[in-house]
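Here is the naming used below: chain letters follow the sequence lines, and residue numbers restart at 1 for every chain.
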Amino acid sequence: MNFATIAVGLAVAAVLVFATYCSVRSFRNGKCSGCKECGKCKRR
Amino acid sequence: MDGGTELSRVIALAGNPNCGKTTLFNRLTGSSQKVGNWPGVTIDRKEGRIKAIGAVLVDLPGIYSLSPYSPEEVVSRDFLLDSRPDAIINIVDATNMERNLYLTSQILDMGIPTVIALNMMDTVRRDGTVIDTEKLSKALGCRVVGISALKGEGMDELLEAISSAGETPKPVRLSDPLEKSISEISGKLEGKVPDGHLRWYSVKALERDVLAIERIGESWEEISEIIDDLEKAEDDESDSLVASERYSSISDVVVSSVKTKRASGGYTTSDRIDRIVTNRWLGLPIFAGVMFLVYYISITTVGGWGTDWVNDVFFGEWTIPGAAAWLESMAVDPVLTAFIVDGLIAGVGAVLGFLPQMLVLFVLLVILEDSGYMARIAFVMDRVFRRFGLSGKSFIPILIGTGCGVPGIMASRTIESERGRRITAMTTTFIPCSAKLPIIALIAGALFGGSALVALASYFIGVLAILLSGIILKKWPSLSGTPSEFIMELPPYHIPGVATVIRSTFEKGWAFVRKAGTFILLACGIIWFLSAFDWSMSMVGDINDSMLADIGNAITWIFVPLGWGDEWQFSVGTITGLLAKENVVGTFGVLFGFSEVAEAGDEIWPIIGAMLTPIAGFSFLAFNLLCAPCFAAIGAMRRELGTWKATGAAVLYQCLLAYAVSMVIFQIGSLLMYGTFGIWTVAAFATVALAAYILVSKEPFARARQKISEAAA
């Protein structure tokens, strides 16, 4: 395993971890995306 | 709260939605507001102190009338009747008086001192309209003060009017026959309701208002005879008589006190356009034509050209070969290279290839929405929806759902009836969201020469599924009932602002790219891994020897009757679509070797075209359009339906409907096009017969209803 493989591998791993973090955060924030299109804001 | 000292006077603030009520409330109370909830409902109750006159101001929910239908209306009328505030400020939008004064005429029946705050006078002056507030005051029997809550005009006069308000207002007079009946009813109600409420209850009884009838109790029988006599004499229903008399009186009041620049009875440009666009016969064909044009421009022509360039040049000639060459030149491990190029870039690239089509589509949809046309569609669809047991109000979440199903499902909260809310939450995702558009574009491109009719057919299937579900589900015992009323403001048409269009399109486009870089990137990585290795973690030469092929083959038999179960890749694509619908395309990008064929200058379309007949491709499309939505949308459904049991039932219904529709499309379509006939063709006809029975039968779920009644007993 050469240096290039390790470097590229770490970079890809970092991207995937960041993508996982963004996906989980987006999913948990799904309760309110601040789009103001749901009924909750309009009824009030 | 009745009466009270000077220090604790209670003033109610009532008016239509969007008339500036909140602006006025904020201006009068400043920072002294308290926000709570009206008991029993999730509607905000705002209270504040008007320091200048030492009174408490209670903000009632925005309402169009004091009927007994919506929670907002019931909360308002109960407060006015039971808490009996010292005075009411009725805020009226001066640019839309006829509609606003309908509520005013009902408020005046309550016998509570009222001041009318005629708002938006700055706009009225700008339009060249002149309103004689003195004449209006005389005609309505209460003080009228012209204000602009936004600019703070007329506040002193309004405060002075509220301080001195003490006289019972004169009610809006109806026709002689109606007034005679009201007088007779008042005679029967004397002593049975508070004196100050006599007129209110008499008129409400005349309208056969259910809540008023409850309070009237035993006297209702005698009163009912009076109403029957009136209806016979006038040959019309009493509530209709009252409503048209109110509007007639209001019209006389407005004509006598308002002078507009426009000739009376003249039409605005918006009115002229609406006469055509919302026409009973032309409305729907015009809508179909507009949507066809939208998809023709975005999928077939302009957007399609962009997609071709991104696939052929950006990914095909630059990104994929460039990345592969660079990684090879650095002697990066071949497995890692394959993971990056054949997995991540190929998968995400397949989805991002559709970005040009999505952007063009978003631009056109934003233009339609911002111009005011989309509001008309909800109005046009109300006529259609009502025949299927739904209200036009159900169409608003569906319209929102064309962008994303999650806010679409959440928007079902605007529907008052529990039944309508639940059915809408269950069926909103039948309409193709933006995530499903790459699937539509893929099938259209691979099997139908990029025809825009595929997109139109997809929306048609979605709307048809919603309408038929409206009929089917309303026969299910826990979901039966009548659709709610639909009142909607149609904003005037205007030319969309360029900045708005660009900003909205950028936001939607960025959301698409962000999803590609997160959910889809991860999913493609996992798909590549499962498709590149076998169970002993050795790389495979043939994808059919991989872990994913085994998983796919284990489930693909389920989809054989639908025409696409012979190849496991389509079943795997459908399953990965549960994470995010774009994953279907991303999965194909990995499994069909997008990176290899892109280098050769081809796309995955010819590969899919060789594996599926057009009818099987359309069946695949229909299944993915109608089946269970992505996990995020399922989560939103859970929040609206309340329990996992109800959510599970909804998802099961969606999957069964998708399976049935897909099977019917493929089996009967193949019979008609290729003459193929087998056991599943018989099953398809049986499915159609079952659906017809459920649609036509009055009580198709009689046994279920019986079981539910027995369980309740």
Out of curiosity, A:Y21 OH to B:T518 OG1, how far, rounded to the nearest 0.5 Å? 12.5 Å

Which atom of A:V8 lies closest to which atom of B:M330, heavy atoms considered: CG2-CE, 4.0 Å

Partner set under side-chain contact (heavy atoms from CB on, under 4.5 Å) for B:L578, not counting sequence neighbours: B:A628, B:F631

Under 4.5 Å from a heavy atom of chain A, the part of B:L344 involved: side chain

Residue pair B:L522 / A:T20: nearest heavy atoms and the distance that separates them: CD2-OG1, 3.3 Å

Minimum heavy-atom separation for A:T5 and B:L336, please, with both atom names. O-CD2, 3.5 Å

Of all heavy-atom pairs linking A:A19 and B:L521, the shortest is CB-CD2, 4.0 Å

Under the side-chain contact (heavy atoms from CB on, under 4.5 Å) rule, collect the residues that match up with B:S434, sequence neighbours excluded. B:F362, B:L437

B:A331 versus A:N2, closest heavy-atom pair with distance: O-ND2, 2.6 Å

